[in-house]
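See structure below.
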There are 2 protein chains.
Amino acid sequence: MTETDLNILDDEETQLCEASGKTAYPPALEFVKAQRMADFFGLLGDANRLRIISLLADTELCVGDLAIALDMNDSAVSHQLKTLRALRLVKHRKQGRHVFYQLLDRHVFDLYNTVLEHLDETAID
Amino acid sequence: MTETDLNILDDEETQLCEASGKTAYPPALEFVKAQRMADFFGLLGDANRLRIISLLADTELCVGDLAIALDMNDSAVSHQLKTLRALRLVKHRKQGRHVFYQLLDRHVFDLYNTVLEHLDETAID
DNA sequence: TCAACACATGAACAGACATTCATGTGTTAT
DNA sequence: ATAACACATGAATGTCTGTTCATGTGTTGA
């Protein structure tokens, strides 16, 4: 047996369906970690947030210009930026009464591009 | 001017805030494409769906075993699998009264691992 | 000082979505 | 045939969340 190698909970040997040739549960991603990942992906699961990211990846922009470029309410943009700021995905710089935002985490933009390519080669729905 | 190079809508020369040194809007991701990406990311934005993916990446499993391994309702698992199936992320194989699912799109699992690493090196919240 | 501006923030509303429950379909075994 | 099983599906429910509206804070210019 290689239960420990497979990181299997051995409190109870619950039986799997006999149709599968397996004798124990495969290791599942712990829920807390799964939840953190889900939060991260969910963060990118909004079209307007992605468009904001796409803009801020190229250049620095203030809230008002973002709103105009995206045809969004100033307040809506500000709320979204607050979210992105909380996750440390953007940094901001105050200049007079303007606040300029810029993409901080390039890792996110890599993910962005990865999925962009994925969509080109895969037919969704 | 390099407006066409930058793919800028030139119907109206709306003025940006003078604080930014820019004279025109940067190109934004088209909304429809952004929406497709958002749908894709949103799909991964659920802890239980991620856990299902993590299990099906390692091995083939039937619905009932998934439900037990994840401590979920059979119906809930089935609903989630329907979603994953619609997006062609999993494939299924019928064997008697069991239906075995398996991860089809390894690209998704790559993304999964990428974010997993990302979370280890970044403090979220 | 006062008005206009840029942005932030809180509450309220509406839409999306995951789960549950009840039910339906198809398969196996007696 | 019929009961038990494995899974799928539709409706209903509760929760989460993005936008809007109203308001607050801080800055600039007259």
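Scope of the values below: all heavy atoms of this structure, side chains included, with no hydrogens, waters or symmetry mates. Proteins get letters first, then strands, A, B, ... in listed order; numbering begins at 1 in each.
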Point to revise | Stacked pair B:His98-D:dC7, distance under 5.5 Å, angle under 30° | key: no

Check your understanding: Whole Å only: how far is the CD atom of A:Gln35 from the P atom of D:dC16?
Key -> 10 Å

Exercise for review: Give a yes/no answer on whether the side chain of B:Tyr101 brings an N or O atom under 4.0 Å of OP1 or OP2 in D:dA6.
Suggested key: no

Practice item. Output the single nucleotide from D:dC7, D:dT27, C:dT19 whose closest atom is nearest the side chain of A:Arg97. Key: D:dT27

Review point. Can a side chain N or O of B:Asn48 be found less than 4.0 Å away from OP1 or OP2 on C:dA18?
Key: no

Review point. Under 30°, 30 to 60°, or over 60°: which ring-plane class applies to A:Tyr112 and A:Phe109, parallel, tilted or perpendicular?
Key: parallel

Check your understanding: Can you tell me how far P of C:dT19 sits from CZ of B:Arg51, to the nearest Å?
Key -> 9 Å

Review point. Which is it for A:Arg93 and A:Tyr101 under the side-chain hydrogen bond (donor to acceptor under 3.5 Å, both in side chains) test, yes or no, and what are the steps along the way?
Key: CA-CA 6 Å; A:Arg93 171 179 71 86; A:Tyr101 283 84; over 6 Å; no

Practice item. Take A:Gly42 and A:Gly96, find for each the nucleotide of DNA chain D with the closest heavy atom, and name the residue whose nucleotide sits nearer the 5' end. Key: A:Gly42

Check your understanding: Ring stacking, A:His79 with base of D:dT19, under 5.5 Å and under 30°?
Key -> no

Check your understanding: Ignoring hydrogens and angles, does a donor from either the side chain of B:Ser75 or the base of C:dC21 sit under 3.5 Å from an acceptor on the other?
Key -> yes

Check your understanding: Atom CZ of B:Arg49 and atom C1' of D:dC16: how far apart are they, to the nearest Å?
Key -> 14 Å

Practice item. Provide, to the nearest angstrom, the distance between the CD atom belonging to A:Gln95 and the P atom belonging to D:dT27. Key: 14 Å

Practice item. Tell me what A:Asn73 touches on the nucleic acid: a base, only sugar-phosphate, or nothing, going by heavy atoms under 4.0 Å. Key: sugar-phosphate

Review point. Which of the following nucleotides, D:dA8, D:dG18, C:dC7, is nearest to the side chain of A:Val99?
Key: C:dC7

Practice item. Could you check A:Ala76 against A:Lys94 and say which one's nearest nucleotide on DNA chain D is further toward the 5' end? Key: A:Ala76

**Study point:** Lys/Arg N to Asp/Glu carboxylate O, B:Arg51 vs A:Glu30, below 4.0 Å
**Key:** no

**Study point:** Any B:Gln80 side-chain nitrogen or oxygen under 4.0 Å from OP1 or OP2 of C:dT19
**Key:** yes

Practice item. Would you indicate whether the side-chain heavy atoms of A:Asp105 and A:Leu89 approach each other to under 4.5 Å? Key: yes

Exercise for review: Please report, rounded to the nearest Å, how far the P atom of C:dC17 is from the CG atom of A:Asp46.
Suggested key: 11 Å

Practice item. Grab the CG-P distance between B:Leu87 and C:dC17 for me, whole Å please. Key: 12 Å

Practice item. Measure from NZ on A:Lys82 to P on D:dT19 and round the result to the nearest Å. Key: 15 Å

**Study point:** Integer-rounded Å distance: C:dA18 P and B:Leu81 CG
**Key:** 13 Å

Practice item. Measure from the side-chain N and O atoms of A:Thr114 to the backbone N and O of A:Asp110, and report whether any donor-acceptor pair falls under 3.5 Å. Key: yes

Check your understanding: Are OP1 or OP2 of D:dA8 and a side-chain N or O of B:Arg85 less than 4.0 angstrom apart?
Key -> yes

